[in-house]
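Before any comments, here is the structure.
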Amino acid sequence: MIIQFSWKKCFPLYCVLKVPAAGFKSTKEKGLILQSVSQDVYQNLALEDWIHDNMDFEKRHVLLLWRNSSAVVIGRHQNPWQECNLGVMRQKGVKLARRRSGGGAVYHDKGNINLTFFTDRKKYERIENLKLVLKALKSLRPQLDVQATERYDLLLNKIFKISGTAAKLGRTAAYHHCTLLCSTDKLVLTSVLKTPNSGIQSNATPSVPALVRNLYEEDPTLTCEMLMEAIAGEYASHHHIENHIHVINPANETEFPGINNKAIELKAWNWLYGKTPKFKIITSFNIRHEESNVEIQISMDIKNGNIETCQIDVPQNWLPLDVCVELGNSLIGNKFCPNENTALATALLRTWADSTLHSKLHILCEKIVTLM
């Protein structure tokens, strides 16, 4: 049995309500409005997968509302080293997630609303979902100038992107999910969605840069709660269902059997990084050492997130060729990530007793690790 509550009553209560999976499958309601109490990006993405895989949408549709703590979410076919600043993300504690759908990279925090529209594949229609969101925004603030684009984004004042779209089309089920910027931290957004790496050659899906703006900047009285309430109300009205929400906890294995395994898969290194399409990085940088500037050139092939080839070119009068070859060969087969290669570099440095050589190698290794 599914317990129903009015939206206004249940939203502020971050409590766990029992909503058995069997109840989702057996209910005869034409539509459901769900809200996740979790702010963990992996749990919420796993919840999307679980709903997609376990619910029958032939005679029912579902809207899921969810928010995450700070995270960068990339599309299924994207390259994280090309899309975001992984170093800054590690410093700021911003998680990286790769979703099952395509599309570009987006920044999530509690000021960003996520909407997922689930339907039977035959009834999948992104533009209708966006029209519903637009109608909800207009009902709240008629003066807002918000329009949908051919790319299924939402633009504010014909310039600023406030919503991006992605989708997953299964054999029988489909979902369309989109974001809605309300009060996101734009300073963090800007710092993490800008890669420091140049020279990446990849067939991965690139993000399309856009100017963004929070709805809060347009009208400081708007809140995430108000926006979600309006969207839920419009969804209920459009589909002729009661405006009730089911508050759910995606961390509860009893309610959603198998969901924790889905979350574990989504946070695993092999999914986050290993699913990156093969790419090459060719770059150069200058090293200053004892009053001299040295140009270093690096060329690497990365496959399944692992270093497949590595060539390091430095002036021979600065570092012997055999030392560069040994360093390059030692990196091959390693994951293209700083933790593993920092440990390897530390071990390698211990084999060189010459203090000058040791100092140069240390600087070189530090530079290489910044690429990761």
Side-chain angles (χ1 to χ4, degrees), residues 4-15 17 29-39 44 47-48 51 60-68 106-119 125-149 152-158 160-167 175-186 212-248:
Q4 290 190 330
F5 286 79
S6 70
W7 172 267
K8 289 184 179 179
K9 279 187 178 181
C10 80
F11 180 80
L13 302 177
Y14 284 86
C15 57
L17 303 182
E29 292 181 76
K30 293 189 298 181
L32 290 171
I33 304 172
L34 308 177
Q35 180 215 338
S36 170
V37 297
S38 176
Q39 293 181 353
N44 284 325
L47 178 60
E48 279 192 320
I51 293 172
R60 185 192 299 118
H61 44 79
V62 174
L63 169 63
L64 173 65
L65 302 155
W66 46 293
R67 290 190 288 171
N68 293 320
V106 290
Y107 173 69
H108 289 191
D109 63 14
K110 288 181 282 188
N112 172 74
I113 300 165
N114 297 286
L115 311 167
T116 309
F117 299 86
F118 297 88
T119 62
E125 186 54 73
R126 280 192 280 189
I127 194 63
E128 292 304 314
N129 298 331
L130 294 178
K131 286 180 180 178
L132 187 150
V133 176
L134 289 174
K135 192 172 180 180
L137 291 174
K138 287 290 186 179
S139 71
L140 274 180
R141 298 292 184 269
Q143 75 277 12
L144 287 176
D145 178 9
V146 185
Q147 299 174 350
T149 71
Y152 303 106
D153 297 329
L154 295 183
L155 292 187
L156 177 66
N157 300 331
K158 301 179 178 63
F160 302 104
K161 184 174 176 179
I162 60 170
S163 177
T165 279
Y175 64 72
H176 160 221
H177 49 194
C178 60
T179 57
L180 191 60
L181 292 175
C182 177
S183 54
T184 289
D185 189 328
K186 285 169 57 179
V212 298
R213 185 174 175 87
N214 282 308
L215 287 165
Y216 174 86
E217 297 175 72
E218 193 76 5
D219 185 337
T221 65
L222 288 173
T223 65
C224 288
E225 290 78 6
M226 291 170 61
L227 291 165
M228 287 191 286
E229 182 175 359
I231 293 166
E234 190 59 45
Y235 185 86
S237 175
H238 181 80
H239 292 289
H240 308 292
I241 61 175
E242 291 188 57
N243 185 13
H244 287 179
I245 188 169
H246 304 272
V247 180
I248 55 179

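Only heavy atoms go into these numbers, but all of them, side chains included; no hydrogens, no water, no symmetry mates.
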- Query: Is there a salt bridge (Lys or Arg N to Asp or Glu O under 4.0 Å) between E225 and R67 once you walk through the steps?
  - Reply: CA-CA 11 Å; E225 290 78 6; R67 290 190 288 171; 3.6 Å; yes
Interatomic distance, [X] atom [atom1] to [Y] atom [atom2] [nearest 0.5 angstrom]:
{"X": "E229", "Y": "E234", "atom1": "CD", "atom2": "CD", "result": "13.0 Å"}
{"X": "I51", "Y": "L34", "atom1": "CD1", "atom2": "CG", "result": "5.0 Å"}
{"X": "L140", "Y": "M226", "atom1": "CG", "atom2": "CE", "result": "5.5 Å"}
{"X": "L65", "Y": "I113", "atom1": "CG", "atom2": "CD1", "result": "8.0 Å"}
{"X": "F118", "Y": "E48", "atom1": "CZ", "atom2": "CD", "result": "5.0 Å"}
{"X": "L137", "Y": "D145", "atom1": "CG", "atom2": "CG", "result": "11.5 Å"}

- Query: Can you name the one residue among N157, N112, L215, D153 that meets side-chain contact (heavy atoms from CB on, under 4.5 Å) with I162?
  - Reply: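 Of all the options given, the one that passes is L215.
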- Sole residue of L64, V62, I248, I241 in side-chain contact (heavy atoms from CB on, under 4.5 Å) with L32: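 The side-chain contact (heavy atoms from CB on, under 4.5 Å) with L32 is passed solely by V62 among L64, V62, I248, I241.
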- Would T116 and L47 count as a side chain to side chain contact (heavy atoms under 4.5 Å, CB included) if you check the C-alpha gap in whole Å, the side-chain angles of each, and the deciding distance to 0.1 Å? CA-CA 11 Å; T116 309; L47 178 60; over 6 Å; no
Who are the side-chain hydrogen bond (donor to acceptor under 3.5 Å, both in side chains) partners of [X], not counting sequence neighbours?
{"X": "N68", "value": "N44, H108"}
{"X": "T165", "value": "H176"}
{"X": "Y235", "value": "H61"}

- Task: Give a yes or no answer on whether the side chain of T179 reaches the backbone of N114 with a donor-acceptor pair at less than 3.5 Å.
- Result: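 No; judged by distance alone, with no hydrogens or angles, the pair does not exist.
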- What pairs meet the salt bridge (Lys or Arg N to Asp or Glu O under 4.0 Å) rule with one or both residues in residues 106-119, with sequence neighbours excluded?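 Every candidate salt bridge (Lys or Arg N to Asp or Glu O under 4.0 Å) pair involving residues 106-119 fails, so no pair, neighbours aside, qualifies.
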- Message: Does L63 form a side chain to side chain contact (heavy atoms under 4.5 Å, CB included) with N129? I'd like the steps, not just the answer.
- Response: CA-CA 10 Å; L63 169 63; N129 298 331; over 6 Å; no
Closest non-hydrogen atom pair between [X] and [Y], with its separation:
{"X": "C178", "Y": "S163", "value": "CB-OG, 3.7 Å"}
{"X": "S36", "Y": "S38", "value": "OG-N, 3.1 Å"}
{"X": "E218", "Y": "L156", "value": "OE1-CD2, 3.9 Å"}

Applying salt bridge (Lys or Arg N to Asp or Glu O under 4.0 Å), name anything that partners [X], two or more places apart in sequence or on another chain.
{"X": "E217", "value": "K186, R213"}
{"X": "D185", "value": "none"}
{"X": "K138", "value": "none"}

- Query: Hey, does L227 have a side-chain heavy atom less than 4.5 Å from the side chain of Y216?
  - Reply: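 No, every pair of side-chain atoms sits at 4.5 Å or beyond.
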- Item | L154 and Q147, any side-chain heavy atoms less than 4.5 Å apart |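 No, side chains not in contact.
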- Message: Under the rule for side chain to side chain contact (heavy atoms under 4.5 Å, CB included), what residues qualify as partners of D219, not counting sequence neighbours?
- Response: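 Side chain to side chain contact (heavy atoms under 4.5 Å, CB included) list for D219, sorted by chain: R141, Q143, T221, L222.
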- Residues that S237 engages under side chain to side chain contact (heavy atoms under 4.5 Å, CB included), provided they are two or more places apart: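 Not a single residue meets the side chain to side chain contact (heavy atoms under 4.5 Å, CB included) criterion with S237.
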- Item | F160, CZ atom: more than 12 neighbouring heavy atoms under 6.0 Å |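 Check passes, neighbour count above 12.
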